[in-house]
Amino acid sequence: MKESRWRPWLLLSPSLTAIFFLLVVPVLFVVVYSFWLRAPTGAAIPAFQFGNYARFFEDLFYPTILFRTLRVSVICVLLCLIMGYIPAYFFYRSTSRYRQALILLIMVPFWISFIIRTMSWINILGANGFLNYTLMRFGIITEPLSLLYNEAAVLMGLIQYLLPFMILNIYVSLEAIDKNLLEAARSMGCNEWQAFREVTLPLSLPGVSAGCLLVFVLTAGTYLPPMILGGPGNEMIANLIFNRVIGTLDWPFGSAISVILLLLLGCIVWTYNHYLGINTLFKAFKS
Amino acid sequence: MKLPFSGWSLIRLYTILVYLFMFLPIVVVIILSFNPQQFASFPMQGFSLKWYVQLAQNEAILRAFKNSLVLGTLTALIASAIAVPAAMAFVRYSFRGKNTLNTLLLAPIMIPEVVLGVALLLFIRWLQQPKSFALLLAGHVILTLPYVLLIVQARMVSIKRVYEEAALSLGASPFQTFKEVTLPLLMPAVLAGMLFSFTISFDDITATLFWATAEHQTVPVRIFGMLRHSISPEINALGTVMIVFTIMTPLLAGYCIRRFSKS
């Protein structure tokens with residue numbers, strides 16, 4: 001079987017070539033550029049210095065954005081968890097004949113354009129939007145509330161984008177639980193709540209952690225919701241990168257911020273991989 | 001034994017509320033697209049299709065739609081052509097560094113799109129190449145590759161090896177075996193992967209904002225540009241068209257896949 005030695009490599013060569021030239025090399029370039037200097041003319045000068053990183057941490061402006069990104073990501077994970085676990089549990093336990101249809105329905109937002117879903121919140125939260133209109137109609141308020149362009153609005157957009165990821169991950173791990181275990185717990189005298197606490201909840205934790213990691217990573221790299229639904233004070237790190245690179249053409253500084261973001265997410269993903277294994281993350285996609 | 005009635009009905013109510021949260025904004029987009037007024041706001045003053053008419057006459061949008069369709073189709077074709085052999089390699093062979101390489105190929109899911117956007121743009125700048133359609137295509141292939149790989153790989157695992165071994169023992173070459181046995185069995189997953197890849201490409205905004213040129217704008221980039229001014233009923237009309245389009249695509253494709261796999 002000499003042949004089969006090189007056959008996998010032949011089969012892998014197109015994808016590895018693609019990933020090498022379109023991902024590995026470009027990301028290495030970002031790392032290299034992050035040490036370069038920017039000439040007053042805007043050109044990037046090859047160098048090896050840590051000025052770009054120092055600049056990031058010198059002024060409080062940039063660390064504040066980093067901190068905000070982390071805070072929003074954590075809040076988003078928690079809210080998605082609270083909003084996602086119960087529907088996933090509902091899918092798992094429901095005997096309704098609409099169950100399949102409901103699961104399919106939660107997938108629908110996946111297919112709907114991200115930018116459409118994000119901008120749709122303007123129609124809901126805007127000064128003349130659905131929410132203000134309804135509240136005024138019922139006489140609860142007399143003046144429109146300003147609900148848009150703040151962190152809450154950003155979170156709304158983010159949750160609507162990320163909740164299906166969380167629900168599916170939890171649902172997949174709930175579905176994998178052997179129903180006999182529940183029977184066993186009940187025959188041992190557990191009531192419904194105890195059976196949930198002792199059996200279902202612990203066994204669903206892999207799905208919970210996969211969902212949390214995915215939501216965290218996707219939130220931390222998010223650009224659109226802060227851009228469209230956030231105010232000037234709600235920038236996140238992706239907006240910062242975009243503005244440095246496309247706006248002021250400051251490639252070295254933009255690269256340094258990208259490296260900081262990558263390192264941050266790398267640490268989190270590495271920790272996750274170390275304790276749980278990265279493959280658990282992709283279960284939901286395979287179903 | 002179910003939960004006490006009140007507990008279960010609370011869970012049901014909660015689930016309904018979550019659905020409401022997910023779908024209310026989408027429904028409102030569709031409703032407001034029929035608003036005849038200049039601004040997308042409540043209360044609505046009647047019902048009109050005029051924004052759809054205006055949309056159909058908007059050259060820039062139509063061009064963006066064409067770009068998106070071409071880009072999505074090419075992305076789907078290339079991504080699956082690359083992912084299918086890779087999935088074969090991972091499922092059917094064992095070799096050194098398999099897990100690491102598998103993780104590497106899935107990395108684009110975990111790397112923020114902004115970073116990917118900067119990285120690829122920086123690279124072609126270093127190569128002194130201008131932004132082009134090819135860059136956009138290459139970028140989208142990398143963005144969608146992991147998803148196609150995951151879908152195809154999952155299906156590949158469930159295809160029994162004995163079928164392939166039977167073909168091989170009957171004297172078929174590995175390529176013939178792949179063409180006559182493996183690929184037909186794999187086809188539903190390949191089509192699903194292509195569909196996924198098309199939709200991701202059609203939807204992508206963050207990385208695409210880095211890569212798109214003025215003449216190769218996609219629909220989301222166009223919408224992004226329009227949002228800079230204000231939210232008008234025309235955007236809602238465009239949004240409605242997109243919603244219908246993106247929901248119809250998987251439904252139609254699902255139907256086609258079922259027909260295809262039967263015959």
Side-chain angles (χ1 to χ4, degrees), chain A residues 4 7-8 11-12 14-16 18-19 22-23 25-27 29-30 33 83 86-87 89-90 105 108-109 111-117 119-124 128-130 133 160 163 186 192 217 220-221 223-224 228 238 241-242 245-246 251 254-255 258 261-262 265 269 278 282 285-286, chain B residues 1 3 11-12 14-15 18 21-22 24-26 28-29 32 39-43 82-83 85-86 88-89 93 95 101 103-108 110 112-115 118-120 122-123 126 138 141-142 145 147 150 154 199 203 205-206 210 220 223-224 227 231 235 239 242-243 246-247 250:
Chain A
S4 67
R7 185 159 297 132
L11 290 170
L12 276 173
S15 49
L16 289 183
I19 213 90
L22 300 174
L23 184 94
V25 173
V27 168
F29 263 86
V30 172
Y33 254 69
M83 289 180 70
I86 292 174
Y89 186 76
F90 175 81
L105 198 60
V108 165
W111 299 103
I112 295 174
S113 174
F114 183 26
I115 192 159
I116 300 292
R117 276 186 283 163
M119 80 157 210
S120 68
W121 284 98
I122 301 175
N123 290 322
I124 300 282
N128 297 309
F130 178 81
Y133 171 71
Q160 202 209 17
L163 195 55
R186 260 178 250 129
E192 191 77 27
V217 170
Y223 169 77
L224 204 59
I228 292 189
I241 296 173
F242 192 88
V245 170
I246 300 292
W251 289 86
S255 298
S258 303
L261 177 60
L262 267 187
L265 294 180
V269 172
I278 199 82
F282 300 114
F285 289 108
K286 290 178 185 166
Chain B
M1 285 276 281
L3 276 168
I11 289 178
R12 196 152 49 182
Y14 191 95
T15 306
V18 169
F21 174 86
M22 295 294 285
L24 183 68
I26 295 164
V28 169
V29 167
L32 281 178
F39 299 103
S41 62
F42 287 97
I82 294 178
M88 281 277 286
Y93 298 90
F95 50 92
L101 289 181
T103 309
L104 177 69
L105 286 182
L106 298 178
M110 304 303 292
E113 273 186 43
V114 193
V115 176
V118 174
L120 207 47
L122 195 61
F123 186 48
W126 183 79
V141 168
I142 281 298
L145 182 62
Y147 299 96
L150 281 171
T199 324
D203 251 17
I205 174 80
T206 309
F210 281 91
I223 297 174
F224 187 78
L227 278 174
I231 181 155
I235 301 184
M242 289 275 281
I243 291 168
T246 41
I247 291 177

- Which region of A:Phe130, side chain (C-beta onward) or backbone (N, CA, C, O), has a non-hydrogen atom less than 4.5 Å from a non-hydrogen atom of chain B, or is it both or neither? both
- Message: What I'd like to find out is whether the side chain of B:Pro25 reaches to under 4.5 Å of the side chain of A:Arg117, using heavy atoms alone.
- Response: no
- What's the verdict on side chain to side chain contact (heavy atoms under 4.5 Å, CB included) for A:Tyr223 and B:Glu113, showing C-alpha distance, side-chain angles and the deciding distance? CA-CA 9 Å; A:Tyr223 169 77; B:Glu113 273 186 43; over 6 Å; no
- Pairwise distance CD1(A:Ile112) to CE(B:Met22) - rounded to 0.5 angstrom: 9.0 Å
- Max heavy-atom pairs within cutoff under 4.5 Å with chain B, candidates A:Val30, A:Ile86, A:Val27, A:Ile124, goes to A:Ile86
- Message: Which atoms of A:Val217 are under 4.5 Å from chain B, going by heavy atoms: the side chain, the backbone, both sets, or neither?
- Response: side chain
- Do B:Ile235 and A:Met119 touch side chain to side chain, with heavy atoms closer than 4.5 Å? yes
- Check whether A:Ile228 gets within reach of chain B through its side chain, its backbone, both or neither, counting any heavy atom under 4.5 Å. side chain
- Query: Between A:Tyr33 and B:Val118, is a side chain to side chain contact (heavy atoms under 4.5 Å, CB included) present by the stated rule, with each step listed?
  - Reply: CA-CA 11 Å; A:Tyr33 254 69; B:Val118 174; over 6 Å; no
- Query: Which one, B:Val115, B:Ile142, B:Leu122, leads in non-hydrogen pairs under 4.5 Å with chain A?
  - Reply: B:Leu122
- Query: If you tally heavy-atom pairs under 4.5 Å against chain B, which of A:Ala18, A:Ala220, A:Pro87 wins?
  - Reply: A:Pro87
- Task: Determine the option with the most heavy-atom pairs under 4.5 angstrom with chain A, choosing from B:Ala83, B:Pro220, B:Ala89, B:Pro108.
- Result: B:Ala89
- Message: At a 4.5 Å cut-off on heavy atoms, which part of A:Ile19 comes close to chain B: side chain, backbone, both, or neither?
- Response: both
- Query: Do B:Pro112 and A:Leu262 have side chains that get closer than 4.5 Å, going by heavy atoms?
  - Reply: yes
- Item | Structural part of B:Leu105 lying under 4.5 Å from a heavy atom of chain A | both
- Begin with the C-alpha distance, continue with both residues' side-chain angles, and end with the deciding distance and a verdict on side chain to side chain contact (heavy atoms under 4.5 Å, CB included) for B:Phe224 and A:Leu224. CA-CA 9 Å; B:Phe224 187 78; A:Leu224 204 59; 3.7 Å; yes
- Task: Please tell me if the side chains of B:Phe95 and A:Leu12 come closer than 4.5 Å, counting only heavy atoms from C-beta onward.
- Result: yes
- Message: Let me confirm one number: the CZ-CZ distance from B:Phe210 to A:Phe242, rounded to the nearest 0.5 Å.
- Response: 5.0 Å
- Item | Heavy-atom contact with chain A under 4.5 Å, split by part of B:Phe21 | both
- Counting heavy-atom pairs under 4.5 Å with chain B, the top scorer among A:Ser113, A:Pro109, A:Gly221 is A:Ser113
- Closest heavy-atom pair, B:Val29 versus A:Ser120, reported as atoms and distance to 0.1 Å, is CG2-CB, 3.3 Å
- Task: Would you give the length of the straight line joining atom CG of A:Asn123 to atom CG of B:Leu32, rounded to the nearest 0.5 angstrom?
- Result: 5.0 Å
- Message: Taking every non-hydrogen pair under 4.5 Å, which of A:Leu16, A:Ile246, A:Leu105 racks up the most with chain B?
- Response: A:Leu105
- With rounding to the nearest 0.5 Å, note down the distance linking CD1 in B:Ile26 to CD1 in A:Ile116. 10.0 Å
- Reported CG-to-CG distance for the pair A:Leu22 and B:Leu120, which is rounded to 0.5 angstrom: 6.0 Å
- Message: Only pairs of heavy atoms separated by less than 4.5 Å count here; which of B:Leu24, B:Thr246, B:Thr206 has the most with chain A?
- Response: B:Thr246
- What part of A:Leu265 lies closer than 4.5 angstrom to a heavy atom of chain B: side chain, backbone, both or neither? side chain
- Turns out that what part of B:Ile223 lies under 4.5 Å from chain A's heavy atoms comes down to both
- Nearest 0.5 Å, what's the OH-OG1 distance between A:Tyr89 and B:Thr15? 11.5 Å
- Query: Yes or no on ring-ring contact (aromatic ring centres under 6.0 Å, His included) for A:Trp251 and B:Phe123, after CA distance, side-chain angles and deciding distance?
  - Reply: CA-CA 12 Å; A:Trp251 289 86; B:Phe123 186 48; over 10 Å; no
- Query: Which of the residues A:Leu23, A:Val245, A:Ile241 is involved in the greatest number of heavy-atom pairs with chain B at under 4.5 angstrom?
  - Reply: A:Leu23
- Item | Within-4.5 Å side-chain heavy-atom neighbours: B:Val114 and A:Ser258 | no
